[in-house]
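Shown next, in structure tokens, is the structure this report addresses.
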Amino acid sequence: MAQGLIGTMLVRAWPDGRRFAGRVVETEAYLGPRDAGCHTFGGRRTPRVASMWKQAGTGYIYFTYGMHHMLNVVCGPATVTNPGGGGIGMAVLIRAVEPIVVDSVLIDAENRSKFRDLCRGPGRLCKHLEMDRGLDGLDLTVGQVLWLGLPGEVSRVKVATSARVGLGNTPSPWLERKLRYFDGASSWVSGPRAMPVKPA
DNA sequence: CGGTCGATTCCCT
DNA sequence: GGGAATCGACCGA
């Protein structure tokens with residue numbers, strides 16, 4: 001799922017008519033109650049993480065470091081008894097987006113570099129798209145305020161993997177798993193420049 | 001360029 | 001009371 005989100009379009013629309021659209025280039029998977037790096041670790045169901053237990057396609061936005069918000073897409077496999085999927089405390093963090101439409105203006109590839117840092121990193125992404133806890137729990141399949149659109153040229157994307165970024169120092173096999181996914185050819189990904197790159 | 005460090009507030013223990 | 005799925009400023013090379 002985290003891998004599948006690479007290349008999809010993230011769209012934000014404001015009441016005044018302004019729009020942003022960008023291509024998702026970096027994600028991280030958080031696999032649920034058994035994942036030591038996940039907010040639902042141990043089956044936790046506090047008010048803050050309530051959205052993580054909703055159906056697949058729900059947005060989970062939380063606040064951290066006293067100043068930053070982060071955007072996640074709730075996911076989880078669909079089953080016969082759970083057709084829509086989700087409900088198991090699993091989500092994908094969106095870490096970086098390549099800006100395509102900024103302030104309702106289509107950005108040419110040649111001018112794209114001016115916006116290099118706009119959505120590079122989960123904190124900056126939320127800051128520039130003005131996403132906070134007020135948008136937590138939104139259905140991201142509804143094209144109204146914030147939503148995911150169709151993928152761009154996904155077939156061209158070579159997805160690379162690495163360990164997740166910014167988790168604590170506590171040694172755990174979970175924290176070393178290669179659950180970060182990014183477009184290996186993109187110059188829009190976040191994190192330390194020299195994050196290990198491995199083919200997916 | 002890479003490393004270090006302070007900012008700042010919410011949430012759970 | 002302590003830590004947090006980060007960022008940007010600042011430093012030295």
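Computed from heavy atoms alone, side chains included, the values below leave out hydrogens, waters and symmetry copies. Chain naming here is simple, since letters A, B, ... match the order of the sequence lines and numbering starts at 1 in each. Small disclaimer: the values here were computed from a predicted structure and weren't measured.
- A salt bridge (charged side-chain N to carboxylate O under 4.0 Å, His left out) check over residues 82-96 of chain A, counting only residues at least two apart or in different chains, returns the pairs A:E26-A:R95, A:E28-A:R95.
- Looking at heavy-atom distances under 4.0 Å, A:G121 makes contact with sugar-phosphate atoms alone, never a base.
- Between A:I100 and A:I107 there is no side-chain heavy-atom pair separated by less than 4.5 Å.
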**OP:** Going 5' to 3' through nucleotides 8-13 of chain B, assign each nucleotide B (protein heavy atom under 4.0 Å from a base atom), S (under 4.0 Å only from sugar-phosphate atoms) or - (no protein heavy atom that close).
**Re:** BBSSS-
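- In terms of the side chain to side chain donor-acceptor pair (under 3.5 Å) criterion, residue partners of A:R112 (sequence neighbours excluded) are, by chain and number, A:E98.
- For A:R19, the CZ atom sits in a loose shell: 12 or fewer heavy atoms of surrounding residues, nucleotides or ligands are nearer than 6.0 Å.
- Screening residues 33-43 of chain A for salt bridge (charged side-chain N to carboxylate O under 4.0 Å, His left out) gives A:D35-A:R164 as the qualifying pairs, with residues at least two apart or on separate chains.
- Between A:M131 and A:L125, some side-chain heavy-atom pair lies under the 4.5 Å cut-off.
- Reading DNA chain C from its 5' end, the first and the last nucleotide to sit under 4.0 Å from a heavy atom of chain A are C:dA4 to C:dG8.
- Using a 4.5 Å heavy-atom cutoff, the side chains of A:L148 and A:L10 are in contact.
- Ring pair A:Y62/A:H39: centre-to-centre distance below 6.0 Å.
- Listed by first residue number, the stems of DNA chain B with at least three Watson-Crick or G-U pairs below 3.5 Å are B:1-7 with C:6-12, B:9-12 with C:1-4.
- In this structure the side chain of A:L31 reaches within 4.5 angstrom of the side chain of A:W174, judged on heavy atoms.
- A:S162 and A:R180 form a side-chain donor-acceptor contact under 3.5 Å, judged by distance and modelled atom types alone.
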